[in-house]
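Every heavy atom of this structure was used, including side-chain atoms; hydrogens, water molecules and symmetry mates were not.
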Amino acid sequence: MNTRKSLVGGWACAVLISALWAAPAVAQDATEPTPGPKCDTASSVDRVVAVVGDAPVLSSQVDEELYAQRAQGHEVPTDPAALRAACQSVISSIIDVELLVQQAERDTSIKVTEQEIADGVSEQIKTVRGKFTSELDYRAELRKAGFGTPEEYRRWLTDQQRRASLQNRLLAKLKDEKKLTPVPPTEREMKDYFDKQKDQLGHRPATVSFRQFAVGPAPSPAAKQVAKARADSLVLELRKGADFAAAAKRFSMDPSTKDQGGELNWFRRGLMVPEFERVAFALKPGVISDAVESPFGYHIIQVERIQPAEVQARHILLMPEVTQAEADSAAALAQELRTLVMKGASFDSIQRLHRDPDVEPTAQEVAVSQLPPEYQTGVGAADSGTYVPVFSLAGATETRKKYVVLQVTGRQTEGDVRYEDVKDQIRARLSEELAVRRYLDRLRGATYVEIRT
């Protein structure tokens with residue numbers, strides 16, 4: 001059982017919303033194109049095409065970005081006028097990135113560690129290298145992409161990773177501090193955005209919407225007391241110097257983190273249950289918390305590193321024992337509650353009483369094919385308005401199953417993506433982009449920027 005809240009999002013959101021300022025694509029396949037048109041064909045020297053503050057933007061950077069776009073399947077124009085416009089657009093984007101990086105570097109509260117960058121680079125290189133059957137093919141593709149050696153590629157990727165991390169941390173901080181004020185887009189802007197993107201949206205899958213609540217078995221007070229005593233005892237051993245990772249692998253009952261020594265990695269507020277977050281965001285690095293009770297059981301938390309608005313932590317979860325009788329009681333209660341709401345009892349009121357932090361109360365237009373197996377079986381082909389039979393969600397043990405009461409609130413058959421399907425996602429996306437654009441305009445006004453054409 002994971003302390004993270006489960007998130008069920010719409011299929012359209014996954015299609016439309018990507019990272020706002022992602023690092024350039026680097027993964028190459030052996031069949032991908034060789035470098036195409038270049039922006040600066042008149043000169044064989046790597047010249048400066050723009051200056052941001054005291055940092056130059058080189059023509060080779062623009063060509064690298066064009067190549068990355070082609071590698072991702074985007075068409076780069078060969079017509080001189082269209083190519084010139086594309087190059088100007090790329091230069092403007094590089095300037096925006098440089099402005100954000102420089103601003104992040106000036107902010108002393110934003111830290112990106114060398115270890116963090118190295119870990120990210122190693123993971124990306126492992127993914128890219130895995131696409132090739134031999135080292136020879138890998139090196140040949142790197143040369144095709146403009147890198148003389150794997151070491152040169154690693155250096156370039158390290159710089160890209162550092163810059164991307166700085167940008168993302170800066171934008172996240174600005175959002176947390178409410179310094180990126182949303183800018184509502186007009187209906188015309190939203191429709192224009194849709195018209196430009198609709199060819200990339202593909203086919204709309206069949207979707208389902210529903211509301212739900214889950215009933216889980218309640219451990220006895222005696223079982224909770226035993227689990228709390230075990231947690232308290234383990235806290236004492238850890239504070240005496242026992243190895244946290246080893247203890248997590250041996251004792252933790254969170255299957256998603258147990259084998260990783262309890263590692264939760266970085267998380268922000270809103271991703272964990274409130275009881276867990278209150279302690280995690282108050283702890284100093286290295287300190288072992290007291291046993292923290294949550295709906296999942298008792299957590300022992302150790303924060304490893306902190307950043308503005310986020311922490312990296314690990315935990316050990318000890319859950320009270322649940323008997324078969326208590327599990328049977330939960331299943332029976334779920335059946336009773338389903339009968340009550342079908343007879344007219346307030347679904348919302350019962351849902352509030354049985355709110356489970358691991359189960360979202362509603363889901364809107366989720367692709368049927370992306371539903372977890374239990375939901376695909378439980379929901380089946382039920383139409384809007386139907387209360388499906390109670391079904392169970394797997395637990396850490398057989399007695400820890402949760403029983404779901406669910407009403408289907410909408411269904412859509414597969415078909416072409418419509419503006420109405422993605423209108424809300426487009427509004428959110430454009431609002432964020434326009435807010436960042438306004439911030440970038442302010443940075444441009446306060447920074448020396450020169451474009452040399």
Is it the case that [X] and [Y] place a side-chain donor and acceptor less than 3.5 Å from each other?
X	Y	result
E98	Q102	yes
Q212	Q407	no
T158	R163	no
T257	D254	yes
E326	T323	yes
Q103	D107	no

Between [X] and [Y] (salt bridge meaning N to carboxylate O under 4.0 Å), is one present in this structure?
X	Y	result
K144	E141	yes
R437	E433	no
R155	E151	no
D232	K228	yes
R211	D348	yes

Practice task
Working to the nearest 0.5 Å, report the span between OG1 of T207 and CD of E365.
Solution key: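 CD of E365 is found 5.0 Å from OG1 of T207.
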
Exercise for the section: Using the ring-ring contact (aromatic ring centres under 6.0 Å, His included) rule, take F296 and F276 through it: C-alpha gap first, then chi angles, then the decisive distance, then the call. Expected result: CA-CA 10 Å; F296 298 105; F276 190 97; 9.2 Å; no

Close side-chain approach of [X] and [Y], heavy atoms under 4.5 Å:
X	Y	result
L100	L166	no
T113	I117	no
E135	R129	yes
R314	F244	yes
I316	L238	yes
L406	Y375	yes

Within 45° of the six-membered ring axis of [Y] and under 6.0 Å from that ring's centre, is NZ or CZ of [X] located there?
X	Y	result
R230	Y298	no
R169	W266	yes
R429	Y193	no

If you count the non-hydrogen atoms of other residues, nucleotides and ligands that lie under 6.0 Å from [atom1] in [X], is the total more than 12?
X	atom1	result
Q225	CD	no
E187	CD	yes
K224	NZ	no

[Y] backbone acceptor or donor facing [X] side chain under 3.5 Å:
X	Y	result
S384	R411	no
D421	R418	yes
R139	G148	no
K179	D176	no

Can you name the closest pair of heavy atoms from [X] and [Y] and give their distance?
X	Y	answer
L430	M190	CD1-CA, 3.8 Å
G378	F391	CA-CD2, 3.8 Å
P308	S109	CG-O, 3.2 Å

